Amino acid sequence: MRKGLYLVPGIIAVILLSPIIASAQIPVDLMRLPKKSSVKTQRDTMVILPWFDEEIADDVCLLDSMNIEPDTVMPEPPRVIHSIPLATYGTPMIYEGWQYLDSLQLIPTDRGPIGKHAFEWIDDINFGYLAYNRARQNYWMNYPDKVTMNVANLPEPPAHYNAFVDPVTTRIVLEEQVSTQNSDVNNLLDIQKINWIQNFSASAQFSQSYISPNWYQGGNRSLLAIVNLIYNVKLNQKLHPKLLFETTVSYKLGVNSAPDDTVRSYNISEDLFQIISTFGYKAIKRWYYSANLQFKTQVLNSYKANSNTLRSAFMSPGELNLGIGMTYEYTNKRKTFNFNASIAPLSWQLRTCYDGRMNEQNYDIKPGHHGVSKYGSSVEYNLNWKVTYNIDYKSRLFLFSDYDLFQGDWEHTISFNVNRYLSTQIFAHARYDSSTPRYNQKWRKLQFKEIFSLGFTYKFGNA
């Protein structure tokens, strides 16, 4: 049989319930009236029918402010109606803030013939809370002069204590129970803006590597240990949408055993200190007017195998690139993919070689000089892609040309994160420099490095 909620015509239940809830001195009685009743109700009378059958729709329940004795005898309704707890109707009325309330469902949920009666009390109490919240909020809006208290101005509640037995002293200890409600509000009000997003990662890994014989920093194919430190700081674009600033400082050191070397027992296969910085001002959409900086050098000395011939040292070689142009920046909504590309039509490169034991002509520097300046154009892109929750892919390409010579670096890194501290990496680096002499007919001016490593990784940051 179909169920329904019936209201007395011309009386809106939620609105008329407000004065009854607001006044604690008006008696409220629940009674049943016959079909032909001579009792005259006042205008603040509200008729609420629980979910009765249609056959007894004329039997109604009244909430009235008339002087009716509290011990009025009521006939038994078709079923027990469960009401919300009496403590919910607190006095005096306290303003707690505006709420966006959903629509009130007048027709009960059809739960089927099996579990219908088991959920009647839940439906009744839920409906009662929804109706009460609407009536209270309606009273706040229509009678603001009668609502004299605000929850934000209430006095601090008395302290509450929890008693427990200290297992060390075997004594009963009283501990104050701190309420987190006010502290949460204060924390929300004291939100600090994060202008700079910082990240740091450190890894120590053992690896197997392959290095072409003409690699510009030297090295041999062998097992090696790699230490990689990366620090990245970036301006929060949510707070500064028109500015773009990002700097990455990294240092990578790889040391491998050299059993075939008669002069030394180890060899440095990877030694790179690098600073990459980008500063930009928004032009349109994702494009920025930008200035780019790149600096890199080796820190330790590197020698050829079985000799004391120096191949590279600090600032020998060293490279500094400055470019002015445009930068494109894109990050997806899930922040799993980031791509930025810089085009610098005007670019300046400084290449240095300060160690006198090295041949500066290998770096296109004139004899007797320690550096050479070149003007041209440069292009750079950086890609960071979180493929899955434990697989990261990074790629970087840098190209520079002074319209006579050409130089390019292309790096790829795939990280497989076993857990928070263990990871496996595959690193590949291709380099082309037209100023270096040819090594042989196979490699010529192309250089290549590949490293497979497994080890420990630790990361932390504020974003």
Side-chain angles (χ1 to χ4, degrees), residues 198-232 248-261 264-276 294 296-305 311-312 314 336-338 380-398 408-432 443 446-461:
Q198 305 179 56
N199 293 283
F200 176 81
S201 65
S203 62
Q205 300 178 327
F206 298 96
S207 62
Q208 169 270 332
S209 66
Y210 173 81
I211 301 175
S212 63
N214 65 332
W215 183 249
Y216 77 109
Q217 288 183 333
N220 298 315
R221 293 171 290 179
S222 65
L223 295 175
L224 53 87
I226 297 178
V227 176
N228 194 7
L229 306 175
I230 301 175
Y231 172 75
N232 177 269
T248 301
V249 181
S250 63
Y251 179 67
K252 181 183 291 186
L253 175 64
V255 180
N256 65 294
S257 60
D260 298 332
D261 196 332
R264 56 193 58 83
S265 59
Y266 68 92
N267 186 28
I268 297 177
S269 60
E270 182 77 17
D271 185 10
L272 178 63
F273 175 77
Q274 186 170 245
I275 300 175
I276 300 174
Q294 176 181 280
K296 60 181 180 179
T297 182
Q298 183 160 322
V299 178
L300 304 178
N301 295 340
S302 178
Y303 299 87
K304 291 184 178 180
R311 297 199 61 172
S312 59
F314 179 71
T336 58
F337 183 85
N338 175 261
E380 180 184 3
Y381 89 77
N382 290 274
L383 185 149
N384 295 278
W385 181 22
K386 193 172 186 62
V387 183
T388 62
Y389 73 97
N390 64 338
I391 300 178
D392 298 328
Y393 171 69
K394 296 181 180 180
S395 178
R396 177 178 177 269
L397 174 67
F398 177 80
D409 288 271
W410 198 10
E411 304 175 10
H412 301 269
T413 304
I414 302 177
S415 302
F416 301 88
N417 302 313
V418 181
N419 52 37
R420 184 179 178 181
Y421 302 104
L422 295 177
S423 66
T424 300
Q425 288 187 354
I426 300 176
F427 174 76
H429 186 177
R431 176 182 173 88
Y432 183 87
W443 289 101
L446 178 64
Q447 306 171 41
F448 180 76
K449 174 185 288 187
E450 173 268 328
I451 299 176
F452 174 80
S453 60
L454 172 65
F456 303 95
T457 302
Y458 180 74
K459 300 178 181 180
F460 66 89

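Note that the structure is a prediction, hence the values are computed from the model and not measured. For reference, positions follow the sequence shown, starting with 1.
- Classification of the Trp215-His429 ring pair by plane angle, with boundaries at 30° and 60°, yields perpendicular.
- Interatomic distance, CG of Asn301 versus OG of Ser312, reported as 7.5 Å (0.5 Å rounding).
- The line from OG of Ser302 to CZ of Arg311 is 6.5 Å long, rounded to the nearest 0.5 Å.
- The shortest side-chain heavy-atom distance between Tyr421 and Asn419 falls under the 4.5 Å cut-off.
- Within the model, atoms CG of Leu454 and CD of Gln425 stand 10.0 Å from one another, a figure rounded to the nearest 0.5 Å.
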How far apart are the C-alpha atoms of Ile268 and Tyr303, what are their side-chain angles, what is the distance that settles it, and do they pass the side-chain contact (heavy atoms from CB on, under 4.5 Å) test?
CA-CA 8 Å; Ile268 297 177; Tyr303 299 87; over 6 Å; no

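- At a threshold of 4.5 Å between non-hydrogen side-chain atoms, the residues Phe456 and Leu422 count as touching.
- A distance of 10.5 Å separates OG1 in Thr424 from CD1 in Ile391, rounded to the nearest 0.5 Å.
- Applying the 6.0 Å contact sphere to NZ of Lys394 captures no more than 12 heavy atoms from other residues, nucleotides or ligands.
- Looking only at side-chain heavy atoms (C-beta outward), Phe448 and Trp410 stay at 4.5 Å or farther from each other.
- If you run side-chain contact (heavy atoms from CB on, under 4.5 Å) between Lys252 and each of Leu229, Ile230, Ile451, Ile226, only Ile226 comes through.
- Here the side chains of Tyr389 and Asn417 are not in contact, with every heavy-atom distance at 4.5 Å or above.
- In this structure, a donor-acceptor pair under 3.5 Å is absent between the side chains of Tyr231 and Asn199.
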Would you sort out whether Ile426 and Phe416 count as a side-chain contact (heavy atoms from CB on, under 4.5 Å), showing the intermediate values?
CA-CA 9 Å; Ile426 300 176; Phe416 301 88; 4.2 Å; yes

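- Considering only heavy atoms from C-beta on, Leu300 comes within 4.5 Å of Leu253 through its side chain.
- Of the possible donor and acceptor atoms, none in the side chain of Asp409 sits under 3.5 Å from a partner among the backbone N and O of Phe398.
- Here the two rings, on Phe460 and Phe200, have centers that are under 6.0 Å apart.
- Counting heavy atoms from C-beta on, the side chains of Glu270 and Leu272 come closer than 4.5 Å.
- Of the candidates Thr457, Asp392, Asn390, Ser423 forms a side-chain contact (heavy atoms from CB on, under 4.5 Å) with just one, namely Thr457.
- Remark: Ile414 CD1 to Ser395 OG distance equals 10.0 Å, nearest 0.5 Å.
- Taking both residues in full, the closest heavy atoms of Val299 and Phe314 are given as O-CB, 3.7 Å, listed atom of the first, atom of the second, then distance.
- When all heavy atoms of Ser453 and Gln205 are compared, the closest pair comes out as OG-OE1, 2.6 Å.
- With rounding to the nearest 0.5 angstrom, the CG atom of Leu397 is 9.5 Å from the CG atom of Asn382.
- Contact record, Tyr393 with Val387: CB-CG2, 4.3 Å, taken as the closest heavy-atom pair.
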